[in-house]
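What you see below is based on every heavy atom in this structure, not just the backbone, and it leaves out hydrogens, waters and symmetry mates. Order of the sequence lines fixes the chain letters, A, B, ..., with proteins taken first and strands second; residue numbering starts at 1 for each chain.
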There are 2 protein chains.
Amino acid sequence: MADASSYKDKKVIGIGIASELTGLSERQIRYYEERKLIYPDRSKGGTRKYSFADVERLVDIANKMEDGMQTFEIRKEEMKQSDIRSKMLRGQLNAAFKMRK
Amino acid sequence: MADASSYKDKKVIGIGIASELTGLSERQIRYYEERKLIYPDRSKGGTRKYSFADVERLVDIANKMEDGMQTFEIRKEEMKQSDIRSKMLRGQLNAAFKMRK
DNA sequence: CGTGTAAGGAATTCTGACACG
DNA sequence: CGTGTAAGGAATTCTGACACG
């Protein structure tokens, strides 16, 4: 298994196609990246490349935006599991450390 | 099932990425299209869009070319089954019809 | 036959900013 | 906050042709 990644995770889709697939404007897609909700690859020249997984994520984001959720909340929701654990752990260690002072 | 097509058959890959994925030059890829070996979609602007299935097909073509096969033979090989049947059928009907004259 | 390349143009994408709200 | 838009430039892609073989 030299290449474990399936079609779904290959970053091969330009922003124009991503826009067509999701119904979102390119402006919206770039903005969600600015807000740290999506992480496309970049070509050497700097053009964005998305995977099908990214496209699905964008649709998911779009739905949440429609429900009135803000980018901030969507990002937060995403860090719920694994991410937040290490962060909380670090935070608690920090807190504990400070208390000892 | 409004959308039966999987990731594999969606024409979403630009020729630059297709070139990277296959190791073929853009020139080669365009040439194989000229020789009727591959059929990408086109954007409104005219840029070519390939699917992962197309990319695999290109790799397959590349292997056959390496084996010394010519585009003509590769194309012929592809029409072996279903295609050739209807064509042969038509040919035979034509032949039979002519004989009756 | 299959592929590289220079040529000129068109389509695509990028960033930073202004606007509205 | 989230998104549209005009602006200028850069990266990407397109076609037709010449070259070699």
Side-chain angles (χ1 to χ4, degrees), chain A residues 10-79, chain B residues 10-79:
Chain A
K10 288 250 181 191
K11 308 259 188 178
V12 298
I13 305 176
I15 196 170
I17 295 288
S19 172
E20 284 182 16
L21 293 178
T22 61
L24 293 168
S25 69
E26 299 184 9
R27 178 69 167 98
Q28 287 174 306
I29 296 177
R30 292 194 190 102
Y31 180 66
Y32 299 152
E33 178 181 355
E34 186 183 318
R35 300 312 310 273
K36 309 289 185 192
L37 298 181
I38 188 92
Y39 301 91
D41 270 5
R42 295 279 186 150
S43 71
K44 298 105 186 179
T47 63
R48 274 166 266 249
K49 299 300 172 191
Y50 302 87
S51 66
F52 280 109
D54 289 332
V55 168
E56 294 189 356
R57 169 119 180 78
L58 283 169
V59 171
D60 188 55
I61 292 170
N63 289 146
K64 289 174 179 164
M65 293 297 289
E66 276 182 49
D67 294 347
M69 210 175 295
Q70 290 183 290
T71 58
F72 176 75
E73 306 175 88
I74 298 175
R75 179 171 0 97
K76 212 166 50 170
E77 186 183 59
E78 220 60 28
M79 324 185 302
Chain B
K10 288 250 183 191
K11 307 261 187 176
V12 298
I13 304 174
I15 195 169
I17 296 287
S19 171
E20 285 182 15
L21 294 178
T22 61
L24 294 168
S25 69
E26 300 185 8
R27 178 69 167 100
Q28 288 174 305
I29 297 177
R30 292 195 190 101
Y31 180 66
Y32 298 153
E33 178 181 356
E34 185 182 320
R35 300 312 309 275
K36 308 289 183 189
L37 297 181
I38 188 92
Y39 301 91
D41 271 4
R42 295 279 186 148
S43 71
K44 296 105 188 180
T47 63
R48 274 165 266 250
K49 299 301 172 190
Y50 301 87
S51 66
F52 280 110
D54 289 333
V55 167
E56 293 188 356
R57 170 118 180 78
L58 283 169
V59 171
D60 187 57
I61 292 170
N63 289 146
K64 288 175 179 166
M65 292 298 287
E66 277 181 49
D67 293 345
M69 210 175 295
Q70 290 183 292
T71 58
F72 176 75
E73 308 176 87
I74 298 175
R75 179 171 358 97
K76 212 167 50 171
E77 186 183 58
E78 222 58 32
M79 322 186 301

Pairing pattern in dot-bracket form [Watson-Crick, G-U; both distances under 3.5 Å; | = partner strand] for DNA chain D: .||||.||.|.|.||.||||.

Integer-rounded Å distance: D/dG2 P and A/K64 NZ: 14 Å

Non-hydrogen side-chain atoms of B/V12 and A/F52 separated by less than 4.5 Å: yes

Gap between atoms NZ and P, on B/K49 and D/dT13 respectively (whole Å): 7 Å

Spacing of A/D67 atom CG relative to D/dG2 atom P, expressed in whole Å: 14 Å

Gap between atoms CD and P, on B/E66 and C/dG2 respectively (whole Å): 14 Å

Comparing B/R27 and A/L24 on DNA chain D - which has the more 5′ nearest nucleotide: A/L24

Side-chain heavy-atom pair B/M65, B/I61 within 4.5 angstrom cut-off: yes

Protein-nucleotide distance (B/Y50, atom OH; D/dT12, atom C1'), rounded to Å: 13 Å

Side-chain heavy atoms of B/R30 within contact of B/R48, under 4.5 Å: yes

Heavy-atom side-chain proximity of B/Y50 to B/I29 below 4.5 angstrom: yes

Donor-acceptor pair, side chain of A/D54 and main chain of A/S51, under 3.5 angstrom: yes

Atom pair CD/CZ of B/E34 and B/R27 - distance to nearest 0.5 Å: 7.0 Å

Spacing between A/E26 atom CD and C/dT12 atom P, to the nearest angstrom: 9 Å

B/Y32/B/L24 under side chain to side chain contact (heavy atoms under 4.5 Å, CB included): CA gap, chis, key distance, verdict: CA-CA 11 Å; B/Y32 298 153; B/L24 294 168; 4.0 Å; yes

Interatomic distance where CD1 belongs to A/I74 and C1' belongs to D/dG2 [whole Å]: 11 Å

B/Y39, OH atom: more than 12 neighbouring heavy atoms under 6.0 Å: yes

Within residues 30-38 of chain A: residues closer than 4.0 Å to DNA chain C (heavy atoms): A/R30

Check: A/R35/A/Y31 side-chain N/O donor and acceptor closer than 3.5 Å: yes

DNA chain D contacts made by residues 41-48 of chain B, counting heavy atoms under 4.0 Å: B/R42, B/G46, B/T47, B/R48

Integer-rounded Å distance: C/dT12 P and B/I15 CD1: 14 Å

salt_bridge(B/K49, A/E20) N-O dist < 4.0 Å: no

Distance-minimising heavy-atom pair for B/E26 and B/G16: OE2-CA, 3.7 Å

